[in-house]
Amino acid sequence: MKINFEYSSVYDMMLNEIAGNFDESSIKKSHDFLNSTKLFWSLNGNKIVKEIEKVSRLRFKKNIDCFVVSSMPYESISHPFTIKAEKNKDKLLAIFVHELTHVLMSQNFKDVHHLLSFMDKDHNYRVHFPVLLIERRVLERLNKDYKKQKRIEGLDYVWKDVNKVYPVFCNSKGIVNFLKENAANRQV
């Protein structure tokens, strides 16, 4: 899987305006961030992809475009994969792990979706439950403290359940097997 890093001035301006932060220096900031993100990915990308695939036991099926912007209301989104400028390398690592796990789950939708549909939970929960399980495991395998990475507001109720079943997930053979085994027992 390869990431093609892109910059779109129109997209950047639109997201900056939504966030109320646009000025002409935003374009230069985005270009600088684009270059530093490419460097970060060249040094860490293979390791991140390898760990996400190993933990999830799923494979990325196609290349991904990643847009970089100087500002937007969120720090990142997975579709289209977009990252707001971030200088902190640990936080950038966590952003990549989180959003790429969303992308992976989307690329493997047929294998995963039906296993989440039984959950009597809201859409945000069903989307984030497997992502956070994988994210926590990947960050721990990369020697990062997942607790410091719990940066997304409003996901504490998902983290609570993720942490309850996490030891079982660590002993499973990937996210699909974990969901199959535990869905039957209604443990998740």
Side-chain angles (χ1 to χ4, degrees), residues 1-8 11 15 34 37-38 40-69 72-84 86 91-119 121-142 144 146 149-152 154-155 158-159 161-162 165-166 168-184 188:
M1 187 271 301
K2 179 182 176 201
I3 294 182
N4 304 307
F5 290 94
E6 303 281 343
Y7 177 73
S8 165
Y11 187 52
L15 291 173
L34 175 65
T37 303
K38 284 180 179 178
F40 174 86
W41 186 253
S42 71
L43 298 172
N44 300 285
N46 288 337
K47 181 171 41 175
I48 293 169
V49 168
K50 179 180 174 183
E51 288 301 325
I52 292 171
E53 289 183 338
K54 187 173 187 175
V55 167
S56 68
R57 301 242 177 135
L58 296 170
R59 298 288 172 254
F60 288 96
K61 296 181 178 185
K62 60 183 179 179
N63 293 338
I64 303 164
D65 291 329
C66 177
F67 293 90
V68 296
V69 297
M72 66 177 174
Y74 305 110
E75 67 185 11
S76 58
I77 54 177
S78 58
H79 296 92
F81 186 21
T82 306
I83 299 176
K84 179 171 64 173
E86 177 57 59
K91 193 169 183 181
L92 188 58
L93 171 81
I95 289 168
F96 269 109
V97 170
H98 184 89
E99 299 305 342
L100 288 176
T101 302
H102 273 299
V103 170
L104 178 73
M105 298 299 282
S106 178
Q107 289 182 1
N108 289 275
F109 182 80
K110 291 179 198 172
D111 297 326
V112 178
H113 175 71
H114 68 284
L115 297 170
L116 299 172
S117 60
F118 78 91
M119 289 182 177
K121 304 286 185 174
D122 63 66
H123 176 75
N124 196 41
Y125 184 100
R126 287 192 308 270
V127 167
H128 280 98
F129 183 80
V131 169
L132 296 179
L133 276 169
I134 295 166
E135 177 181 346
R136 177 176 172 183
R137 186 72 176 140
V138 168
L139 290 173
E140 287 179 355
R141 290 174 61 92
L142 295 173
K144 301 297 178 189
Y146 83 96
Q149 307 308 330
K150 292 183 0 179
R151 17 167 251 298
I152 302 172
L155 292 182
V158 184
W159 274 112
D161 288 349
V162 163
V165 299
Y166 182 71
V168 176
F169 174 68
C170 288
N171 293 320
S172 70
K173 293 181 173 133
I175 193 67
V176 171
N177 284 339
F178 170 80
L179 292 170
K180 280 180 185 175
E181 291 167 6
N182 292 284
V188 292

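Here the closest non-hydrogen pair linking L133 and I175 is CD1-CD1, 4.0 Å. Contact detail for F178 and F129: the closest heavy-atom pair is CE2-CE2, 4.1 Å. A pairwise comparison of heavy atoms in D65 and F81 identifies O-CB, 3.4 Å as the closest pair. Considering all non-hydrogen atoms of both residues, V68 and Y7 come closest at O-CD1, 3.5 Å. For the residue pair E99 and S76, the shortest heavy atom distance occurs at OE2-OG, 2.7 Å. The heavy-atom pair separating F96 from I83 by the smallest distance is CZ-CD1, 3.6 Å.
Atom-to-atom distance recorded for E51:CD and R137:CZ is 9.0 Å, nearest 0.5 angstrom. Here I3 contributes atom CD1 and S42 contributes atom OG; the two are 11.5 Å apart, rounded to the nearest 0.5 Å. Taken from CE in M1 to CD1 in I52, the straight-line distance is 7.0 Å, to the nearest 0.5 Å. The line from NZ of K173 to NZ of K180 is 12.5 Å long, rounded to the nearest 0.5 Å. Atoms CD and CD1, from E86 and I95 in turn, are 5.0 Å apart once rounded to the nearest 0.5 Å. Distance check: K2 NZ to K62 NZ gives 15.5 Å after rounding to the nearest 0.5 Å.
With contacts defined as side-chain heavy-atom distances shorter than 4.5 Å, the pair I64/L100 qualifies. V97 is not listed as a side-chain neighbour of I134, based on a closest heavy-atom distance of 4.5 Å or more. In this structure, V176 and R57 have side chains that are not in contact, with every pair of non-hydrogen atoms separated by 4.5 Å or more. Residues T101 and L132 have side chains not in contact (no heavy-atom distance under 4.5 Å, counting atoms from C-beta outward). Residues Y11 and P80 form a side-chain contact, since some pair of their non-hydrogen atoms from C-beta on lies under 4.5 Å apart.
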| side-chain contact (heavy atoms from CB on, under 4.5 Å) between V165 and D161, worked out | CA-CA 7 Å; V165 299; D161 288 349; over 6 Å; no

| task | Check the pair L58, M105 against side-chain contact (heavy atoms from CB on, under 4.5 Å), reporting the backbone distance first and the verdict last. | result | CA-CA 8 Å; L58 296 170; M105 298 299 282; 4.0 Å; yes

| query | How far apart are the C-alpha atoms of W41 and V49, what are their side-chain angles, what is the distance that settles it, and do they pass the side-chain contact (heavy atoms from CB on, under 4.5 Å) test? | reply | CA-CA 10 Å; W41 186 253; V49 168; 3.8 Å; yes

| From CA spacing to verdict: side-chain contact (heavy atoms from CB on, under 4.5 Å), L92, N44 | CA-CA 11 Å; L92 188 58; N44 300 285; over 6 Å; no

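A donor-acceptor distance shorter than 3.5 angstrom exists from the side chain of R126 to the backbone of K121, with no hydrogens or angles considered. The closest donor-acceptor contact from the side chain of E53 to the backbone of F60 lies under 3.5 Å. No donor-acceptor pair under 3.5 Å is formed between the side chain of S106 and the backbone N or O of H102.
When the shell of 6.0 Å around CG of N46 is examined, it contains 12 or fewer heavy atoms from other residues, nucleotides or ligands. Counting non-hydrogen atoms of other residues, nucleotides and ligands closer than 6.0 Å to NE2 of H79 gives a total above 12. At most 12 non-hydrogen atoms from other residues, nucleotides or ligands lie less than 6.0 angstrom from NZ of K47.
Ring-plane geometry between H128 and H98 is classed as parallel, the angle between the planes falling under 30 degrees on a 0 to 90 degree scale with a further cut at 60.
For the pair R136 and Y166, the cation-pi test (distance below 6.0 Å, angle within 45°) is passed.
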